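Quick caveat: nothing in here was measured; it's all calculated off a predicted structure.
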2 protein chains.
Amino acid sequence: MIPCVKCGRVESLMKAGFVRGKQRFFCKDCTYYFTLPNPKERSERRGRHQTTIIDIAQDLGVSNSTVSRALHNHPDINPNTRKAILDKAIELDYQPNQLAHSLVKSRTNTIGIVVPEFLTQFFPNVIVGAQRVLRQADYNLMIMQSGESYETEVANTKALLANRVDGLLVSMSHETNNYDHFLSFEKRDIPVVYFNRVIEGLGTHKVVANDYRGAFAAVEHLILNGYRRIAHLGGPPNLLISQERLRGYQEALRKYGHPLLPELVIHGDFTAQKALIYGQHLLDMAQPPDAIFAVNDPTAIEVLALAKAKGIRIPEELGVVGFSDDPIAVHIGKGLTTVKQPTTQIGEAAAKLILGLLRGEQANLSPQTIVLEAELVVRGSSIKAAG
Amino acid sequence: MIPCVKCGRVESLMKAGFVRGKQRFFCKDCTYYFTLPNPKERSERRGRHQTTIIDIAQDLGVSNSTVSRALHNHPDINPNTRKAILDKAIELDYQPNQLAHSLVKSRTNTIGIVVPEFLTQFFPNVIVGAQRVLRQADYNLMIMQSGESYETEVANTKALLANRVDGLLVSMSHETNNYDHFLSFEKRDIPVVYFNRVIEGLGTHKVVANDYRGAFAAVEHLILNGYRRIAHLGGPPNLLISQERLRGYQEALRKYGHPLLPELVIHGDFTAQKALIYGQHLLDMAQPPDAIFAVNDPTAIEVLALAKAKGIRIPEELGVVGFSDDPIAVHIGKGLTTVKQPTTQIGEAAAKLILGLLRGEQANLSPQTIVLEAELVVRGSSIKAAG
DNA sequence: TTATGTATCGGTAACGTTTGCGAACACGTT
DNA sequence: AACGTGTTCGCAAACGTTACCGATACATAA
């Protein structure tokens, strides 16, 4: 039945076991082992096929290098051939294959960004800013969202690494205490810029708002409006923004000779849930505070809701200041006094910084920290007189 | 000085012009033209180098195919060699190169999503939902944001095409009237799922909220609460969601025998700016409406602010209902009645649908439309009795 | 002529993976 | 020692692009 693939004879063939489930044959004459190759699945080849440079080249009878050059305005190409190639490219609806391009150039023109969440306005705004300047520099942005989970954050960064992003923008989750997944970028000479959620130790490039000055201004404002027992509902203590906002709070108190009472400082984790618990605790104290400076707006809003439920009048009995100027802040009650952060600008600054690093500027310079000013926005929740 | 690269003789060599700025030589004996090759930039090779399969293979003295198979649990590999390879992979901190992988498999395991904006909560929520189910199926999500601009939308889709995404999720900008950039995906057999912002004509897979029912419920609710002259601040007329919400508005009026007054229906474009202009127009009419059903919450909120400025009491003199249940809606005034959309579920449904398409299920089935129910959330802005 | 230069184009080795199929052994059985 | 059967591994071709060199065919200057 079956002829030998070498000598073609049938009589000298015999079965010789199995390889990967396929019958193996042995020809006694040739002393040659072989299995029957799978019938090529034809028509599957031409199934899902994006037109490539080779298609254009073959259609026109030129080499693919000529096509590649023509598509990139290389001077070595005759204007006529160039035109023919460009026309053919349009005719065949050619779209360049970024994957192959990136593979040979070992550059993807993509930078990754990982943010903890999407549910407040902050990070989307940062992304809009970053995307604007990156697009202009012909870079793509690969957006990842960790959901405040260390585990997904690691998975995210691994995916970005596998996709060979040229750079990384990071605002880390509040769970994150191990930074190896970030350091593995720097180990590969892939520039990393941290923004907003940064930690003290990592000696690298950062973009942050001036949390200290913002917090200081907020608490000073409370003091100047006659509040005397000012509490602070803080963020996760490992994050620099928490530390800086706490420091601003403390310095403002110190400046005006107010005592620093440890019982009036509680660290939360940015969530409304914890804010509820700790806010409750504060308001239920024997000597409750007459003002609360919250680490962010969701926390402050929770406090406002709590006060409303308890019949505590805002701002007469309790002054409240938040942080980040969420769009909700305008509409809530008589308005929530808060510290406005330059969200979009943070994104823009981070993007510009990483573009500079990619261009090799400040290659061996010391890590740069860009601080953008935050602005106190005074509304109804902190003006005793207007109450 | 310089010997011929062919015969090695020095005496028969002479200069022969320049090629690309480099000196060309000519050997009279060999009649051979040549230029001196550039000295290989060494040490640049080892500069930015990610460890590859080949590195592992060479370190261990095996072939790269063996390494590849070991990393993928291929049965043909001896457990000992497999272990050695896995250990070495960890030692060298090997991270697979997705680009090369995708190139040979012609599958990126990435699906793209393009949304019009990031500034309301809606799309971030959808993305969270989509990302959740995609990650579980080991797919990555590439997020693009058109900023409501047709031009960037086209650029976005082109970038996704260049990056060879396996599928596309789209909610189009309100500027979009030409759909060629989407059709070019389908032409390449890349599945596309439209969500939320879809248009009637495109006969493809869609995921939408039940805008009609939601709008109907909203307007019916207004009618049952005694409002009689109900206006509608609509969206861009080319989008299906605008059409459906308008239809719900009209059908509800018709059911209760209210007249359909064309002067009470105005089409906006989702922006607060237009909402302000058109809202002003409505409230300044000789016979102003006593209720407004807005196409989305930002529009409704703008109306509320307008009414407050004019001293119009909510809900006694003017009932207002929005659409989408923005987080602000709870906090604004006495609360904004609105229609809550299943945002996260929309993302999940769209992702599941496209995963099914990628698996080749319903390959030749008729385009599927998934409709998720929307729910009326009644708050203070529309309850006359409670006013 | 001879020497020198320009304008265009092709060949080919990379980039890092995957995969079909053959090769080289290592065992038993006869 | 030949035969029969498995196991384990290497070779090499693809995937689509880029870029370094050469190789022509001419043109021009000495």
- prompt: Can you name the side-chain hydrogen bond (donor to acceptor under 3.5 Å, both in side chains) partners of B:D93, sequence neighbours left out?
  reply: A:K187, A:R188
message: What is the distance, to the nearest angstrom, from the CD1 atom on A:I54 to the C1' atom on C:dT12?
response: 13 Å
query: Once you round to the nearest 0.5 Å, how far does CD1 of A:I354 lie from NE2 of A:H205?
result: 9.0 Å
- prompt: What's the verdict on side chain to side chain donor-acceptor pair (under 3.5 Å) for B:T66 and B:S63, showing C-alpha distance, side-chain angles and the deciding distance?
  reply: CA-CA 5 Å; B:T66 302; B:S63 82; 3.2 Å; yes
- prompt: Who pairs with A:F185 by ring pair (Phe, Tyr, Trp, His ring centres under 6.0 Å), at least two apart in sequence or on another chain?
  reply: none
query: What is the distance from CZ of A:R107 to P of D:dT18, rounded to the nearest Å?
result: 12 Å
message: Between P on C:dG11 and CD1 on A:I53, what's the gap in Å once rounded to a whole number?
response: 15 Å
message: Distance check needed: D:dG16 P versus A:I56 CD1, whole Å only.
response: 13 Å
query: Quick one: ring pair (Phe, Tyr, Trp, His ring centres under 6.0 Å) partners of A:H101, sequence neighbours excluded?
result: none
message: Measure CG/A:L103 against P/C:dT18 and give the value in whole Å, please.
response: 12 Å
message: Taking 4.0 Å as the cut-off, does a side-chain nitrogen or oxygen of A:S68 come that near to OP1 or OP2 on D:dT17?
response: no
field: For atom CG of A:L71 and atom P of D:dA19, their distance in whole Å
entry: 13 Å
message: Less than 4.0 angstrom between a side-chain N/O of A:H101 and OP1 or OP2 of D:dG16, yes or no?
response: no
query: Of A:N97 and A:F26, whose nearest nucleotide on DNA chain D comes first from the 5' end?
result: A:F26
field: Contact letters for nucleotides 5-12 of chain D, in which S counts primed atoms plus P, OP1 and OP2 and B counts the base, heavy atoms under 4.0 Å
entry: BB-BBBBB
- line: So salt bridge (Lys or Arg N to Asp or Glu O under 4.0 Å) across residues 57-70 of chain B, not counting sequence neighbours, yields B:D59-B:K88
Counting only pairs under 3.5 Å, give me each side-chain donor-acceptor contact of residues 137-144 of chain B, with atom names and distances, residues two or more places apart or in other chains.
none

- line: B:L99 CG to C:dT18 P, in whole Å, measures 12 Å
message: How bent is the helix from C:dA3-D:dT28 to C:dT30-D:dA1, measuring the angle between the end axes built from five pairs each, rounded to 10°?
response: 70°
- prompt: Which pairs with one or both residues in residues 150-165 of chain B pass salt bridge (Lys or Arg N to Asp or Glu O under 4.0 Å), sequence neighbours excluded?
  reply: none
- prompt: Which nucleotide sits closest to the side chain of B:H72: D:dT17, D:dT18, C:dT18?
  reply: C:dT18
Separation of atom NE2 in B:H74 from atom C1' in C:dC21, rounded to whole Å: 11 Å
message: Could you work out, with side-chain hydrogen bond (donor to acceptor under 3.5 Å, both in side chains) as the rule, every residue matching A:T152, not counting sequence neighbours?
response: A:S149
task: Return no unless some side-chain N or O of A:K105 is found under 4.0 Å from OP1 or OP2 of C:dA14.
output: no
